[in-house]
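Structure, as structure tokens:
Both backbone and side-chain heavy atoms feed into the values below; hydrogens, waters and symmetry mates do not. Starting from 1, each residue takes its place in the sequence as its number. Note that this is a predicted model, so its numbers are computed, not measured.
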Amino acid sequence: MEAPDAGSVDLGGVALPVAGPSWREVALLPQSLGLLEELTVRENVTLPLRLDPVAPAADVDGLLVGLGLDLLADRFPHEISLGEQQRTALARAAVVRPRLLLAHEPISHQNRAWAERTIEVIGELAAAGTACVLATHDELATAVAGRVLELRDGQLRLTVRPA
């Protein structure tokens, strides 16, 4: 999101361009969500597909159904709940099956059932080859993670779970 002053960033041993990676490389689910208010739920979700002419075909309808957004697809972000907005932002990030998903508190606005489903969708992305990095305090998310880095009292602790 910011051009570096110095150094470089690589993903899987491949240097990323200074201008930043494409949506297919790195998708971001920010805590602020970043939805465009003038676009409907469907238009927000399909935005990466429209911005990237060589984006792979995506099952947009399946993603909307899987995240409980299908009946809200023609609504605008201000017409849906914060939890639904958060799932819309996840769908937008997931629609191109990025190599890397960076998600900040991806289930913070979900009830238990939608939090579980959201984690399932993130798990499906991971199973399909997307590296998913979540910044979260939620034990539901950390319980299913393959690796957990915990920062406590200035110390970093790594927990690796068997697959």
Side-chain angles (χ1 to χ4, degrees), residues 1-5 8-12 14-138 140-142 144-145:
M1 306 237 353
E2 297 284 333
D5 294 329
S8 63
V9 177
D10 72 70
L11 178 61
V14 177
L16 295 177
V18 173
S22 72
W23 285 87
R24 282 177 283 123
E25 295 295 319
V26 179
L28 180 64
L29 175 56
Q31 190 170 24
S32 63
L33 305 179
L35 298 176
L36 298 177
E37 290 296 326
E38 65 274 12
L39 300 180
T40 65
V41 166
R42 179 181 298 280
E43 290 168 337
N44 267 286
V45 170
T46 60
L47 182 62
L49 299 171
R50 291 182 287 148
L51 294 175
D52 186 346
V54 295
D59 181 10
V60 174
D61 290 329
L63 199 51
L64 291 172
V65 168
L67 288 168
L69 301 168
D70 51 315
L71 299 178
L72 307 172
D74 295 325
R75 293 190 186 177
F76 293 91
H78 70 275
E79 298 176 320
I80 62 176
S81 74
L82 186 55
E84 292 161 343
Q85 290 176 33
Q86 188 174 44
R87 294 195 311 273
T88 299
L90 173 60
R92 181 190 56 202
V95 73
V96 292
R97 301 283 182 185
R99 289 181 60 199
L100 173 62
L101 170 67
L102 300 173
H104 189 241
E105 297 291 354
I107 57 175
S108 60
H109 302 295
Q110 305 303 316
N111 64 29
R112 180 69 178 194
W114 280 117
E116 289 172 356
R117 179 61 191 133
T118 299
I119 291 300
E120 286 175 17
V121 168
I122 292 170
E124 290 164 7
L125 280 170
T130 296
C132 299
V133 178
L134 313 180
T136 185
H137 297 92
D138 197 299
L140 177 64
T142 59
V144 298

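- Judged purely by distance below 3.5 Å, without hydrogens or angles, the side chains of Q110 and R87 pair a donor atom with an acceptor atom.
- Closest approach of S108 and E105 over heavy atoms only: OG-O, 3.1 Å.
- Rounded to the nearest 0.5 Å, atoms CG (L39) and CZ (R50) are 6.0 Å apart.
- Between the side chain of E43 and the backbone N or O of T40, at least one donor-acceptor pair lies under 3.5 Å.
- With a 4.5 Å cut-off on side-chain heavy atoms, L29 and L102 do not count as touching.
- Considering only heavy atoms from C-beta on, T142 comes within 4.5 Å of T136 through its side chain.
- Taking CH2 from W114 and CD1 from I107, the interatomic distance works out to 13.5 Å, rounded to the nearest 0.5 Å.
- To the nearest 0.5 angstrom, L72 atom CG is 9.5 Å from E79 atom CD.
- Residues V45 and V95 come closest through the heavy atom pair O-CG1, 3.3 Å.
- When every heavy atom of R92 is checked against every heavy atom of G34, the shortest pair comes out as NH1-O, 3.0 Å.
- Of the possible polar contacts, none joining the T46 side chain to the L49 backbone as a donor-acceptor pair under 3.5 Å is found.
- Distance check: L90 CG to L125 CG gives 7.0 Å after rounding to the nearest 0.5 Å.
- Side-chain contact between P30 and L28 is present, with heavy atoms from C-beta onward closer than 4.5 Å.
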Steps toward salt bridge (Lys or Arg N to Asp or Glu O under 4.0 Å) verdict (D61, R42): CA-CA 9 Å; D61 290 329; R42 179 181 298 280; 2.9 Å; yes
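- Pairing each heavy atom of L36 with each of P77, the nearest pair is O-CG, 3.7 Å.
- Under the side-chain contact (heavy atoms from CB on, under 4.5 Å) criterion, L82 pairs with L33, Q85, H109, not counting sequence neighbours.
- Among all heavy-atom pairs drawn from I119 and A141, the shortest one is CD1-CB, 3.7 Å.
- R97 has no carboxylate O lying under 4.0 Å from a charged side-chain N of D59, or vice versa, which leaves the two without a salt bridge.
- The two residues V41 and L69 have their closest heavy-atom pair at CG1-CB, 4.3 Å.
- Atom CD1 of I122 is separated from atom OG1 of T130 by 11.0 Å, given to the nearest 0.5 angstrom.
- Rounding to the nearest 0.5 angstrom, the gap separating the CD atom in Q86 from the CG atom in L35 is 10.0 Å.
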From CA spacing to verdict: side chain to side chain contact (heavy atoms under 4.5 Å, CB included), L140, R112: CA-CA 9 Å; L140 177 64; R112 180 69 178 194; 3.9 Å; yes
